[in-house]
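Since the structure is predicted, the reported quantities are computational estimates derived from the model, not experimental observations.
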Amino acid sequence: MLQYYFLLGIRSLRRNPALTALMVLTLAVGVAASVSTLTILHMMSGDPIPQKSNRLFMPILDNGPLKGYTPGERPNDHQMSYRDVSNLLAGTGGERRTALYGVEMAIEPARKDLPAIAEEGVATTRDFFSMFDTPFLYGQGWTEKDDSKGTDVVVLGRELSEKLYGKSNPVGQYLSMIGHQFHIIGVLDTWQPRPRFYRNVGRSASFGIQDDFFIPLASAIRHEITHAGGMSCSGDMEPGWQGRLNSECTWLHFWYELKSEGQRQELQTYLDNYTADQRKLGRYVRQEKNRLFNVMEWLEESKVVGNDNKLSVWLAFGFLLLCLVNTVGLLLAKFSVRAAEVGVRRALGASRKEIFNQFLIESSVIGLAGGVTGLLLAFIALTLISLQSTQLTALTHMDWQMLLVTFVLSVAAAILAGLFPTWRACQVTPAIQLKSQ
């Protein structure tokens, strides 16, 4: 019987094609808006490195001044001074540790047809690549010796590599950066779309952006390459680059990797002991507790997905609700013209339950058609969004979870919209319809 009603529902789509098209399109637009928004939010708020996100930690140490400080106030600076970074890198906390900061460097391509360009990258240490599971297309990262000596080596991102060298392997060549020759030792493949979470400052790093190159931190320090982002200073700073290194100015990020999540408290104790030792030297005067964030906690703390993004989800669902109201009106119009059919069926012995089931299944068929159409519209919308940024191309690859949400949402919406019109159709009095016909 269910199959019979389903086939009847498919056949009913052809009875009034204009009205059917309006209902399907109304549902499709609402579903497409909701699913597109959900897909983007899902991509932005998802775990960027699920295999180890609970073992990667960013420490926040508050070395700000007492001036203007209110006890209990949480610091809004998530970066560290060079002095603290040097101490922690030389320490024993965690299985691996890395420091980094964003840089912008002028690049002079060897190809004569390309002009000089300025690109953003990261100055970091060798452990960065293993800690964040960076995928290499060619070559590899640099050595511990390169870290200590500040060797002029560079790992390129795939996009910059193809811009400068096409599809060929550039490992072994030299690239002129800020007037110095950097030896290319590796090329990273395109990462899975993720926020540039490892060096977010608030929401300054956009979703999906990938860095163009990576150089040793010691090399960046030796060449006095300035920070591409913000720098916070709690006091006077001596002039020149050395003054920056000796000051309490915060401009670097720091990450730890632990063997297991269970070592979190051990790392917390290590950091507490470190700041206690620094207080004996006249630093860390605020007495604030040190904080640790794993990757997902860090994404929440740095507000990678802001309240405006979450608000857009509610707006999309509000739009879907508006589409449902319109669909209710269209279904009422569609079912009301079939009162004579209902009267005949009731007179021939069909119960109200059977009429209700038939019309509800027809509503589900409309919802299924709206879901398929909505999925296509959502795919088109995400494709158009991805065309605005080459970093968002994977938005067009909706996972099975999003596909399931699409069909469940569309069918549920159609059933919900069809409840009242279906109930109205069941109230038809057979005698009146037979008399009028």
Practice task
Given side chain to side chain contact (heavy atoms under 4.5 Å, CB included), test Asp146 with Thr143 step by step and report yes or no.
Solution key: CA-CA 5 Å; Asp146 293 326; Thr143 65; 3.1 Å; yes
Problem - Heavy-atom donor-acceptor pair, Gln263 side chain to Lys259 backbone, under 3.5 Å - result: yes
Exercise for the section: Determine the minimum heavy-atom distance between Gly374 and Ala32, stating which atoms define it. Expected result: O-CB, 3.4 Å
Handout entry: Heavy atoms from other residues, nucleotides or ligands near CD of Gln140 exceed 12 (cutoff 6.0 Å)
Key = no
Exercise for the section: Working to the nearest 0.5 Å, report the span between NE2 of His180 and OG of Ser219. Expected result: 8.5 Å
Problem - Distance, nearest 0.5 Å, that separates CG of Leu188 from OG1 of Thr134 - result: 5.0 Å
Practice task
With rounding to the nearest 0.5 Å, note down the distance linking CE in Met105 to CD in Glu108.
Solution key: 11.0 Å
Exercise for the section: Could you tell me whether Arg222 and Asp152 have a side-chain N and a carboxylate O separated by less than 4.0 Å? Expected result: yes
Fill in the blank from the handout: Nearest heavy-atom contact between Ser161 and Pro170 is OG-CG, 3.4 Å
Practice task
Check step by step if side chain to side chain contact (heavy atoms under 4.5 Å, CB included) holds for His253 and Met80.
Solution key: CA-CA 6 Å; His253 289 289; Met80 283 190 185; over 6 Å; no
Handout entry: Residue of the set Thr275, Asp277, Asp84 for which side chain to side chain donor-acceptor pair (under 3.5 Å) holds with Arg283
Key = Asp84
Practice task
Quick one: do Asn294 and Asn54 satisfy side-chain hydrogen bond (donor to acceptor under 3.5 Å, both in side chains)? Show the steps, please.
Solution key: CA-CA 6 Å; Asn294 64 27; Asn54 61 348; over 6 Å; no
Handout entry: Side-chain H-bond candidate by donor/acceptor type, Tyr274 with Asn87, under 3.5 Å
Key = yes
Exercise for the section: Classify the ring geometry between Trp298 and Phe293 as parallel (under 30°), tilted (30 to 60°) or perpendicular (over 60°). Expected result: tilted
Handout entry: Minimum heavy-atom distance Phe254-Ala99, with the two atoms named
Key = CD1-CB, 3.9 Å
Problem - Stepwise side chain to side chain contact (heavy atoms under 4.5 Å, CB included) test for Leu217 and Asp147 - result: CA-CA 7 Å; Leu217 177 64; Asp147 256 343; 5.6 Å; no
Problem - Ring centres under 6.0 angstrom apart (Trp142, Phe129) - result: yes
Practice task
Considering only NZ, NE, NH1 and NH2 on the basic side and carboxylate oxygens on the acidic side, decide whether Glu119 and Lys163 come within less than 4.0 Å.
Solution key: yes
Exercise for the section: Evaluate whether atom CD of Glu144 has more than 12 neighbouring non-hydrogen atoms of other residues, nucleotides or ligands under 6.0 angstrom away. Expected result: no
Practice task
Say whether, by atom type as modelled, one donor and one acceptor occur between the side chain of Lys167 and the main chain of Glu162 under 3.5 angstrom.
Solution key: no
Problem - Ile117 vs Leu164 side-chain heavy atoms within contact, under 4.5 Å - result: yes
Handout entry: Heavy-atom check, side chain of Met177 versus side chain of Phe213, under 4.5 Å
Key = yes
Exercise for the section: For the pair Tyr82 and Trp251, name the ring-plane relationship: parallel under 30°, tilted 30 to 60°, perpendicular over 60°. Expected result: parallel
Problem - Minimal non-hydrogen separation, Ala220 against Ile215, with atom names - result: CB-CD1, 3.9 Å
Problem - Salt-bridge criterion met for Arg264 and Glu297 (N-O under 4.0 Å) - result: yes
Fill in the blank from the handout: Between Arg96 and the options Asp127, Thr125, Leu258, the side-chain contact (heavy atoms from CB on, under 4.5 Å) test singles out Asp127
Fill in the blank from the handout: Nearest heavy-atom contact between Leu299 and Pro48 is CD1-CD, 3.7 Å
Problem - Lys/Arg N to Asp/Glu carboxylate O, Lys52 vs Asp133, below 4.0 Å - result: yes
Exercise for the section: Compare all side-chain heavy atoms of Tyr138 with those of Ile184 and state whether any distance is below 4.5 angstrom. Expected result: no
Problem - Aromatic ring proximity, centroids under 6.0 angstrom, Trp255 and Phe128 - result: no
Handout entry: Check: Asp189 side chain, Phe136 main-chain N or O, donor-acceptor pair, under 3.5 Å
Key = no
Problem - 4.5 Å side-chain heavy-atom contact, Asp212 and Leu156 - result: no
Completion exercise
Between the NE2 atom in His78 and the CG atom in Leu252, the distance rounded to the nearest 0.5 Å is 15.5 Å
Handout entry: Check: Gly91 main-chain N/O paired with Arg97 side-chain donor or acceptor under 3.5 Å
Key = yes
Problem - Salt bridge present between Arg55 and Glu257 (N-O < 4.0 angstrom) - result: yes
Handout entry: Arg279 side-chain N/O to Tyr284 backbone N/O, donor-acceptor pair under 3.5 Å
Key = yes
Handout entry: From Leu267 atom CG to Gln265 atom CD, the distance as rounded to the nearest 0.5 Å
Key = 9.5 Å
Practice task
Hey, could you give me the CG/CG distance between Leu292 and Leu61, rounded to the nearest 0.5 Å?
Solution key: 8.5 Å
Exercise for the section: Taking all heavy atoms of Thr124 and all of Phe214, pick out the closest pair and write down the distance. Expected result: CG2-CD2, 4.5 Å
Completion exercise
side-chain contact (heavy atoms from CB on, under 4.5 Å) test vs Leu160 passes for just one of Asp211, Val154, Ile107, namely Ile107
Exercise for the section: Before giving the answer on side chain to side chain contact (heavy atoms under 4.5 Å, CB included), spell out for Tyr165 and Arg111 the whole-Å C-alpha distance, their side-chain angles and the decisive distance to 0.1 Å. Expected result: CA-CA 8 Å; Tyr165 301 99; Arg111 289 168 50 185; 6.0 Å; no
